[in-house]
Protein chains: 2
Amino acid sequence: MAKRVRLLDVAKAAGVSQGTASNAFGKPDLVRKEVRERILEVAKELGYRGPHVMARMLRTGKAGALGVVFPDNLEYAFSDPVAIELLRGVGRECARQAVNMMIISAENPEQAITAINNAAVDAFLVHCYSDDNDIISAIQRRNQPLVCIDTDIAGAAGTVVLDDFAGAQMAAQHLIDCGARKFAILSLQANKAENFGPMNAKRRGAVSHRVVRERLGGYHAALKKAGIAIEDIVHIECENMSSHSAEMVETMLRDHPEIDGILAMSDVIAIGALDGARAAGRKIPDDLKVIGFDGIAEGERTDPPLSSIRQDSVEKGRLAAEMALGEAESDSRVLETSLLVRGSTR
Amino acid sequence: MAKRVRLLDVAKAAGVSQGTASNAFGKPDLVRKEVRERILEVAKELGYRGPHVMARMLRTGKAGALGVVFPDNLEYAFSDPVAIELLRGVGRECARQAVNMMIISAENPEQAITAINNAAVDAFLVHCYSDDNDIISAIQRRNQPLVCIDTDIAGAAGTVVLDDFAGAQMAAQHLIDCGARKFAILSLQANKAENFGPMNAKRRGAVSHRVVRERLGGYHAALKKAGIAIEDIVHIECENMSSHSAEMVETMLRDHPEIDGILAMSDVIAIGALDGARAAGRKIPDDLKVIGFDGIAEGERTDPPLSSIRQDSVEKGRLAAEMALGEAESDSRVLETSLLVRGSTR
DNA sequence: GTGCAATAATGAATCGATTCAATGAATGCA
DNA sequence: TGCATTCATTGAATCGATTCATTATTGCAC
């Protein structure tokens, strides 16, 4: 293979200094028009392909890219509807700022750390639930701006979270207003260690995932206020997959026929719950009210359409990107939620 | 800000050559254990953050990333279910090969070209419909492996496409088998220039998007064989959005009450068609059969569930990534489709 | 014609690693 | 003891740009 044509070669051939040749490409207004044109012409003749990206990066220190990390589960980034909305928002802001989007990919945590160390980016965005994490430390070691989404980590440059507590409270209050009295909570995974199924008090007390902790707190607060004892609530921890929650709910409803209100921590789980309830012979919303969390588009098409707590995940991603790229005003934002009433509670 | 600690600083402090220090990090087995440990220790003391990514890239010429470009519409990449599956596949392969995934982001074609020129990647993957494209040229100018998905472009290192013709043929044949005789085809955008609505013969003759050309050809072939004249088919070009196709279909069904079979070039369009047909008072599948294309998961939950031509978009993305990263056997692959019969044609 | 400012161009230093031919030391074998 | 071989280390060259202090040129006003 022929040796790559360098800027220096172009400069020599055009009879100008390397500095001028560089400016002809990067800062055209610093070079006299005719000189610049000659340089570009010579460049074309020699087959120069434009400034070498890596060399420029090394010199300028700018990568022109934002790193996006999903430590908990990487396949999840392109599967979960909420994660996808998040990515859409990140992409939107990156496009606005003319910065590329580097998705850190890995099959396991160890690989992820290597991937992080090899990524030429200017800042990191990390979406995760747990806050104790080798991956987070690896990012922090790079000493670049880091914005955390959905969790608050000490030392992060910024944080974007939801007011999960208030949202959950709203959800539970809504079910109470609809007349439900016997509740089941379908929780997202609460800890690093998987432990799906009924959730005992001990595990409820040791929730390391911020989102789960807050939402659980919000549910409990509203229910308590309505005079419902926490011990009377059925807690189940579900994988964030409709098929999984469907199974769980079907079983659960057979064991606890009295349940008339289901609080699901995600719409994906809630959609499965609708299926499970149908399989267990319940009529929704007559026998049983179900409310999800997130307000994803799929919730419009379920049978019946799913009530939920709407969050703006696109904006969440966009905002986080904006922060990471250093254009945001504050370094910590809490987004609000709103109640979305549809057929599953009406 | 204190000056960054360089490898050279570490080497000096540890009393070894820079080469040895480099090896201590990059090729540990070339350095005696005690020496390596001392180097690492000194590095930690000095606050050395590990080899500088950009410097390494410049020297080695490897970026450790795969560029992914969506020239037609960038927001689309995180909106369309099929594009997302594609990304999932790409992500899977990238993870397997320990390579990051650089999503080229831009708001307009001009910006996209800059973004491409600024991206430190080892290869490119491009998903697009049209084959004449400034963006493609920009990528080709970089002289790196380029794999095209869903279109075949001269000079690409590889191509991954679907047997769209056969799939479309299968779809049309299925509707014929179900007894439909009066057809409407809901096409994806056929050309760079947007022109949604009824599609005249002239526009049908000048389809620049390969996918549309092939699928249209497949539909026509099957219908012709069944003795249906092309002129009797209603052609409508839709935006790939359910809400848009719903409107189009509702209007279309009022103008053409005889239609009893709808061939949609995507499931997204088909799902809108179900809504539009319902709004126009049709019963599916009794009055009207509808079949989509792609076989996306959402099709299971529509009312009625959507028949479709299934394609494995995840595998399409994975395979393309594999090719681009240079591990695939061949440089051109055509994937097969299969018929997915559900409620909308039964 | 002189002085001053503005504009162009120069060329060497720099960004921070990796690589590789050369050298030195240590080991194995006859 | 001598020679070949292996293992560890060195140090300079290299990857390919950008930057910036300096010099050269031009234009303009008085």
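All values derive from a computational prediction rather than experimental measurement.
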Within this structure, what is the CE-to-C1' distance between B:Met57 and D:dG16, rounded to whole angstrom? 15 Å

Closest non-hydrogen atom pair, B:Asn100 against B:Cys94: O-SG, 4.3 Å

Would you find a donor on one side and an acceptor on the other, under 3.5 Å apart, between the side chain of A:Gln144 and the backbone of A:Val121? yes

Would you mind reading off the distance between B:Glu34 atom CD and D:dT9 atom C1', rounded to a whole angstrom? 13 Å

Any donor-acceptor N or O pair under 3.5 Å, side chains B:Asn118, A:Arg56: yes

Nucleotide D:dA17, atom C1' - distance to CE of A:Met54 in whole Å: 13 Å

Need one value for B:Val53: base, sugar-phosphate or nothing, where a base atom within 4.0 Å counts as base even if backbone is also close, heavy atoms only. nothing

Could you run down the sub-3.5 Å N/O contacts of the protein with nucleotides 18-25 of chain C?
unit_1, atom_1, unit_2, atom_2, d
C:dT18, OP1, B:Arg56, NE, 3.4
C:dT18, OP2, B:Ser22, OG, 2.3
C:dT18, O2, B:Arg59, NH1, 2.8
C:dT19, OP2, B:Lys27, NZ, 3.1

Spacing between A:Asp9 atom CG and D:dA17 atom P, to the nearest angstrom: 8 Å

Between B:Lys44 and B:Glu41, does any side-chain N to carboxylate O distance fall below 4.0 Å? no

Counting Watson-Crick and G-U wobble pairs whose two distances are both under 3.5 Å, find the runs of 3 or more in a row that involve DNA chain D. C:1-30 with D:1-30

What are the two closest heavy atoms between B:Leu66 and B:Ala321, and how far apart are they? CD2-CB, 3.8 Å

Answer yes or no: is there an ion pair linking A:Arg92 with B:Glu75, defined by an N-O contact shorter than 4.0 Å? yes

For DNA chain C, determine which residues of residues 113-122 of chain A have any heavy atom closer than 4.0 angstrom to one of its atoms, and list them numerically. none

Starting at CG of A:Leu30 and ending at C1' of D:dA21, how long is that distance when rounded to a whole Å? 15 Å

Rounded to whole Å, the CG-P distance (B:Leu46 to C:dG16) equals 15 Å

Rounded to whole Å, CG of B:Leu8 lies from C1' of C:dA13 at a distance of 15 Å

Between B:Asp9 and B:Lys12, does at least one N-O distance fall below 4.0 Å, as a salt bridge requires? no

Rounding to an integer number of Å, can you tell me how far A:Arg49 CZ sits from D:dA17 P? 11 Å

Salt bridge present between A:Arg318 and A:Glu315 (N-O < 4.0 angstrom): yes

Judged by atom type as modelled, is there a donor-acceptor pair below 3.5 Å linking the side chain of B:Arg88 to the main-chain atoms of B:Val314? no

If you look at every heavy atom in B:Arg210 and B:Thr151, which pair is closest and at what distance? CD-CA, 3.8 Å

Could you label the plane-to-plane angle of the B:Phe70 and B:His127 rings as parallel, tilted or perpendicular, counting under 30° as parallel and over 60° as perpendicular? tilted

